[in-house]
Asks: 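If you scroll down you'll find the structure; I have some questions about it.
From a predicted model like this one, the values you see are computed outputs, not experimental measurements. Proteins come first, then strands; the chains are lettered A, B, ... in the order of their sequence lines, and each starts at number 1.
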Amino acid sequence: MAIRIYNTLSGKKEVFEPVESGKVGMYVCGPTVYDSCHIGHARSIITFDVIARYLKAKGFDVTYVRNFTDIDDKIINRANELGIDTRVLTDKYIKEFYEDMDALNVERPSIEPRATDHIDQIIKVIDKLIEKGFAYIIDGDVYYSVELFKDYGKLSGRRLEDMEAGARVDIDKRKRSPFDFALWKSSKPGEPTWDSPWGKGRPGWHIECSAMSTEYLGETFDIHGGGKDLIFPHHENEIAQSEAAFGKTFVRYWIHNGFVNINQEKMSKSLGNFIVLKEMIKHYHPEALRLFLLSKHYRSPVDFTDDAMNEAVAGLDKIYSLLERIEKQFGQVSGKDKTLDVNVFGGQFCLAMDDDFNTALGIAALFEVVRNMNRLLDENKNSFSQDVEDKVHSGWADILKMAAILGILNESPEDYFAKKRSTGLEKKSINSEMIDKMIKERIEAREAKNWARADQIRKQLEDMSIIIEDRPEGTVWKVKS
RNA sequence: GGCGGCAUAGCCAAGUGGUAAGGCAGCGGUCUGCAAAACCGCUAUUCACCAGUUCGAAUCUGGUUGCCGCCUCCA
């Protein structure tokens with residue numbers, strides 16, 4: 001089944017045909033490493049993590065490149081404020097970035113280039129642009145002349161004439177057009193600097209992505225992704241640079257994810273409402289964040305609220321509860337089969353994913369399997385025929401395969417619920433030994449058929465936000481979230 | 001000023017021509033000592049509004065209203 005992708009360039013869904021059959025080259029703009037990641041970064045990263053996982057599962061040989069922007073005005077400013085070397089700063093935030101990614105169960109891309117490790121490649125591309133007449137040098141700075149690239153604006157759908165009306169762009173009289181952007185910036189005292197044919201300086205932002213994507217994926221590659229906010233000017237400029245320098249189509253499919261809002265407000269540093277990943281992970285299971293984000297289409301805006309997150313937590317609990325139920329009945333799944341034969345499992349899930357990576361619809365398919373499994377187990381409480389057991393095993397395998405693409409259900413149900421209990425207790429400062437003692441007393445009361453006493457204890461526990469479940473195999477408890 | 005997006009039940013949300021997925025919450029039932037969990041059933045004759053195209057529209061066209069994003073660093 002063919003995959004269809006919404007291409008920002010055409011504004012339509014198109015059938016995905018890679019440059020080279022069976023292979024996919026994919027480049028996604030990674031973070032500028034001068035501060036902690038927030039949930040907006042998480043959305044972009046998780047969106048493309050799932051896309052890469054799915055393409056791999058479909059059998060493509062995927063080369064996934066995600067860069068680190070580690071030289072930039074914000075980085076220099078922050079390093080100066082702290083009085084440290086930019087490399088010390090960027091190393092620190094790259095390390096933190098990896099901690100966050102691991103916590104979110106994000107797979108590592110194939111290649112993660114840093115801009116400062118690719119100065120030679122960057123200089124070569126700039127050189128080519130100067131040679132072809134698309135770039136000009138002023139006082140050691142090199143600018144790209146947007147008016148000379150006839151397709152300028154084709155990605156963002158704007159024309160230079162229109163933009164000039166309401167432009168809020170610095171007027172730099174030396175530039176030919178106010179929209180000309182820097183390919184190379186001459187260095188000021190105290191800034192990190194590299195030698196170049198135009199004097200000491202550092203690369204501009206846009207050129208690094210043109211240089212690094214081409215270096216690893218070739219002059220034309222399949223997929224380029226990033227947040228919607230990068231469409232203009234960043235990706236527009238990448239196209240201008242790469243297509244002018246190499247004279248070829250730069251990227252075949254442009255994919256852009258929507259924003260995360262917080263309580264219906266745009267998340268921004270100036271509003272002070274951005275949520276740092278490290279903080280959010282303290283309150284919610286990372287997989288609940290994945291489930292929450294993937295429950296909406298990747299191109300739509302999503303509104304982050306505690307209510308919405310708690311719904312995602314409830315959904316995740318439901319799936320883990322089923323896994324726990326199955327494992328209690330049938331034992332551990334054999335070695336957690338992660339081989340993803342997408343042509344066999346969850347037909348509905350694959351159809352959804354084939355249609356522009358519709359994870360929301362895919363998750364609906366996942367929940368339907370969950371309900372079917374629960375029903376099957378309910379209907380066969382006492383005896384399991386071989387037929388039923390086979391059905392359970394196949395549904396179970398399907399769930400795990402879908403989950404592997406969504407990047408959830410990475411823990412055993414026991415660990416998941418145990419962790420949930422302990423963090424829940426921590427939050428409410430309750431002692432688990434006391435709970436165990438009360439539950440033991442309640443079990444004794446129940447055995448003596450002293451229902452009044454048993455219910456009294458249950459009420460006491462409930463007042464402490466502890467919910468009791470008397471299952472056939474024994475009593476378990478949960479912390480109400 | 002220019003460009004683009006969105007409006008579906010109490011809430012979240014999928015669905016781009018064939019008669020409304022899924023989740024959360026709620027109600028009734030099964031199960032249970034009673035609960036909880038799970039399951040079953042119910043919960044939008046209707047998809048912001050108006051007009052049009054069509055045998056047929058939430059889905060296409062035109063218009064109206066409301067909300068949002070981008071045009072400046074930004075996932």
Asks: When the C1' atoms of B/A37 and B/C70 are compared, how many Å lie between them, rounded to an integer?
Replies: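 Those two atoms are separated by 47 Å.
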Asks: Determine the contact category for A/Gly315: base if any of its heavy atoms lies under 4.0 Å from a base atom, sugar-phosphate if only primed atoms, P, OP1 or OP2 are that close, otherwise nothing.
Replies: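 Touches nothing.
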Asks: Salt bridge between A/Glu324 and A/Arg471, side-chain N to carboxylate O under 4.0 Å?
Replies: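 Yes.
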Asks: Verify the contact: side-chain N or O of A/Asn374 to OP1 or OP2 of B/A37, cut-off strictly under 4.0 Å; return yes or no.
Replies: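 So the side chain of A/Asn374 is outside the cut-off, no N or O lying under 4.0 Å from OP1 or OP2 of B/A37.
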Asks: Roughly how far apart, to the nearest Å, are B/A58 and B/U53 at atom P?
Replies: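 Here B/A58 and B/U53 have their P atoms 16 Å from each other.
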Asks: Using only modelled atom types and a 3.5 angstrom limit, is any donor from either the side chain of A/Glu368 or the base of B/G22 paired with an acceptor on the other?
Replies: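 A donor-acceptor contact between them is absent.
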Asks: Could you tell me the separation between the CG atom of A/Leu366 and the C1' atom of B/A13, rounded to a whole number of Å?
Replies: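 Atom-to-atom, A/Leu366 to B/A13, this comes out as 15 Å.
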Asks: What interatomic distance, in whole Å, is found between C1' of B/U54 and the corresponding atom of B/U72?
Replies: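 My reading of the C1' atoms in B/U72 and B/U54 gives 47 Å.
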Asks: Using 30° and 60° as the class limits, which term best fits the ring planes of A/Tyr284 and A/Phe304: parallel, tilted or perpendicular?
Replies: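 Answer is perpendicular, since the angle exceeds 60°.
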Asks: With a 4.0 Å limit, can you tell me whether A/Arg375 has a side-chain N or O closer than that to the phosphate oxygens OP1/OP2 of B/C40?
Replies: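 So the side chain of A/Arg375 is within the cut-off, an N or O lying under 4.0 Å from OP1 or OP2 of B/C40.
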Asks: In whole angstrom, what separates A/Lys296's NZ from B/G5's P?
Replies: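 Rounded to the whole Å, the gap is 22 Å.
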Asks: Expressed in whole Å, how much space separates the C1' atoms belonging to B/A21 and B/A44?
Replies: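 Roughly 14 Å separates the two C1' atoms.
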Asks: Is A/Lys318 close enough to B/C24 that one of its side-chain N or O atoms is under 4.0 Å from OP1 or OP2 there?
Replies: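 Checking B/C24 against A/Lys318, a side-chain N or O does come within under 4.0 Å of OP1 or OP2.
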Asks: Please give the nucleotide sitting opposite B/A38 as a Watson-Crick or G-U wobble pair, both distances under 3.5 Å, or none.
Replies: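 In the structure as shown, B/A38 has B/U30 as its Watson-Crick or wobble partner.
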Asks: So does A/Arg371 get a side-chain nitrogen or oxygen closer than 4.0 Å to the phosphate oxygens (OP1/OP2) of B/G23?
Replies: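 Yes.
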